[in-house]
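Computed from a predicted model, the values in this text were never measured in an experiment. Sequence lines set the chain letters: A, B, ... in the order given, protein chains first and strands last, and positions in each chain run from 1.
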There are 2 protein chains.
Amino acid sequence: MSSYKDKKVISIGIVSDLTGLSLRKIRYYEERGLLSPGRTEKGGRKYSFSDVETLMKIAERREEGVQTAEIKKELVKDISRQKVRDEMIKGQLNAQFGLRKR
Amino acid sequence: MSSYKDKKVISIGIVSDLTGLSLRKIRYYEERGLLSPGRTEKGGRKYSFSDVETLMKIAERREEGVQTAEIKKELVKDISRQKVRDEMIKGQLNAQFGLRKR
DNA sequence: CGTGTAAGGAATTCTGACACG
DNA sequence: CGTGTAAGGAATTCTGACACG
């Protein structure tokens with residue numbers, strides 16, 4: 001299912017470098033519920049590569065003038081599509097290799 | 001080729017959590033040349049998931065009493081094997097799908 | 001609404017060194 | 001050789017708030 005891509009291990013400073021977004025923006029998008037990073041014991045935010053990708057999508061949409069509330073809805077849809085796609089790929093691979101008893 | 005697995009984005013504290021190794025050990029293995037993390041502008045160490053896996057191998061071998069110099073040699077071999085394996089998989093996939101013009 | 005910024009404090013990380021063995 | 005630790009300093013991150021629009 002998941003893998004390195006979903007492990008929450010990147011601190012906000014690195015995420016800022018990766019995305020080009022300010023710390024303020026990254027925290028704000030979280031406040032608006034567009035993503036939810038993990039936390040270290042002491043309260044430090046930890047992001048996954050998926051989160052970084054989400055942030056890049058957000059940045060794009062924001063540049064187009066889309067408000068965070070709207071972007072939030074889009075992200076939810078993206079997640080559903082993602083799931084469907086994953087299932088299809090899984091099915092494909094299964095059809096190719098999964099049933100081969102040899 | 002590479003991907004998330006090889007991106008240097010994890011700080012040493014998280015790596016310590018992930019591997020169970022002390023900061024001291026992690027830095028020492030670097031000093032001995034068993035791995036080479038990236039650096040942020042200000043000098044902070046940044047590790048990849050591959051580095052984390054390498055550290056776990058190191059931890060195993062150390063528990064068996066193997067010295068760092070010896071482990072270092074083993075790691076170099078591992079990398080060669082890795083490359084060969086990657087090539088084989090690539091060849092496999094190519095044989096399965098790559099030539100299909102349909 | 002979205003983002004910048006100064007504020008004060010807490011937690012992280014860095015390096016070089018001494019210790020023990 | 002491998003690892004712990006105390007030391008001093010620098011860089012990171014956190015939260016809540018005020019500002020502007």
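- Protein atom CG of B:Leu55 is 12 Å distant from nucleotide atom P of D:dT3, rounded to whole Å.
- Taken from CD1 in A:Ile58 to NZ in A:Lys72, the straight-line distance is 11.0 Å, to the nearest 0.5 Å.
- Applying the ring pair (Phe, Tyr, Trp, His ring centres under 6.0 Å) test to A:Phe49 and every residue at least two apart in sequence or in another chain returns B:Tyr4.
- Annotation: B:Glu74, atom CD; neighbour count of heavy atoms from other residues, nucleotides and ligands within 6.0 Å is above 12.
- Residue contacts for A:Arg27: at a heavy-atom cut-off of 4.0 Å it reaches a base atom on one of the strands shown.
- With sequence neighbours excluded, the residues that form a side-chain hydrogen bond (donor to acceptor under 3.5 Å, both in side chains) with A:Ser50 are A:Asp6.
- A sub-4.0 Å separation between OP1 or OP2 of C:dT3 and a side-chain N or O of A:Tyr29 is present.
- A salt bridge is defined here as a Lys NZ or Arg NE, NH1 or NH2 lying under 4.0 Å from an Asp or Glu carboxylate O, and B:Glu87 with B:Lys90 meets this definition.
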Between A:Met88 and A:Arg85, is the side chain to side chain contact (heavy atoms under 4.5 Å, CB included) condition met? List the steps. CA-CA 5 Å; A:Met88 292 198 63; A:Arg85 195 183 325 136; 5.7 Å; no
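- For DNA chain D, the residues of residues 30-43 of chain A within the heavy-atom distance limit of 4.0 Å (strictly under) are A:Arg39, A:Gly43, sorted by number.
- Note on A:Ile79: it does not cluster hydrophobically with A:Val66, by side-chain heavy-atom contacts below 4.5 Å among ILVMFWY residues.
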Could I get a table of every N or O pair under 3.5 Å where one atom is in the protein and the other is in nucleotides 4-6 of chain C?
from	atom 1	to	atom 2	distance (Å)
C:dG4	OP2	A:Ser22	OG	2.7
C:dG4	N7	A:Arg24	NE	3.1
C:dG4	O6	A:Arg24	NH2	3.1
C:dT5	O4	A:Arg24	NE	3.3

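- Following chains of ILVMFWY side-chain contacts shorter than 4.5 Å, one can reach B:Leu93 starting from A:Leu93, so the two form part of one hydrophobic cluster.
- Residues from residues 9-17 of chain B with heavy atoms under 4.0 angstrom of DNA chain D: there are none.
- A donor-acceptor pair shorter than 3.5 Å cannot be found between the side chains of B:Thr54 and B:Asp51.
- Remark: B:Glu64 pairs with B:Arg61 by the salt bridge (charged side-chain N to carboxylate O under 4.0 Å, His left out) rule, at least two apart or across chains.
- Note: B:Lys7 NZ to B:Ser48 OG = 11.5 Å, rounded to the nearest 0.5 Å.
- The nearest whole Å value for the distance from the CD1 atom in B:Ile26 to the C1' atom in D:dT3 is 13 Å.
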In residues 11-19 of chain A, what donor-acceptor pairs under 3.5 Å come from side-chain atoms, sequence neighbours left out?
from	atom 1	to	atom 2	distance (Å)
A:Ser16	OG	A:Leu21	O	2.7
A:Thr19	OG1	A:Val15	O	2.8
A:Thr19	OG1	A:Leu21	N	3.2

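- The side chain to side chain donor-acceptor pair (under 3.5 Å) analysis of residues 20-46 of chain A, with sequence neighbours excluded, yields the pairs A:Glu30-A:Arg45.
- The ring-ring contact (aromatic ring centres under 6.0 Å, His included) contacts involving residues 53-96 of chain B comprise nothing, where partners must be two or more places apart or lie in separate chains.
- The distance between atom CZ of B:Arg45 and atom C1' of D:dA10, rounded to the nearest whole Å, is 14 Å.
- In this structure, CG on B:Leu55 lies 13.0 Å from CZ on B:Arg62, to the nearest 0.5 angstrom.
- The stretch residues 69-77 of chain A has no heavy atom under 4.0 angstrom from DNA chain D at all.
- The side chain of A:Tyr28 contributes no N or O atom lying less than 4.0 Å from OP1 or OP2 of C:dT3.
- With a 3.5 Å limit on both pairing distances and Watson-Crick or G-U wobble geometry required, the stems of 3 or more pairs in DNA chain D span C:2-5 with D:17-20, C:17-20 with D:2-5.
- Residues that satisfy the salt bridge (charged side-chain N to carboxylate O under 4.0 Å, His left out) test with B:Asp78, not counting sequence neighbours, are B:Lys57, B:Arg81.
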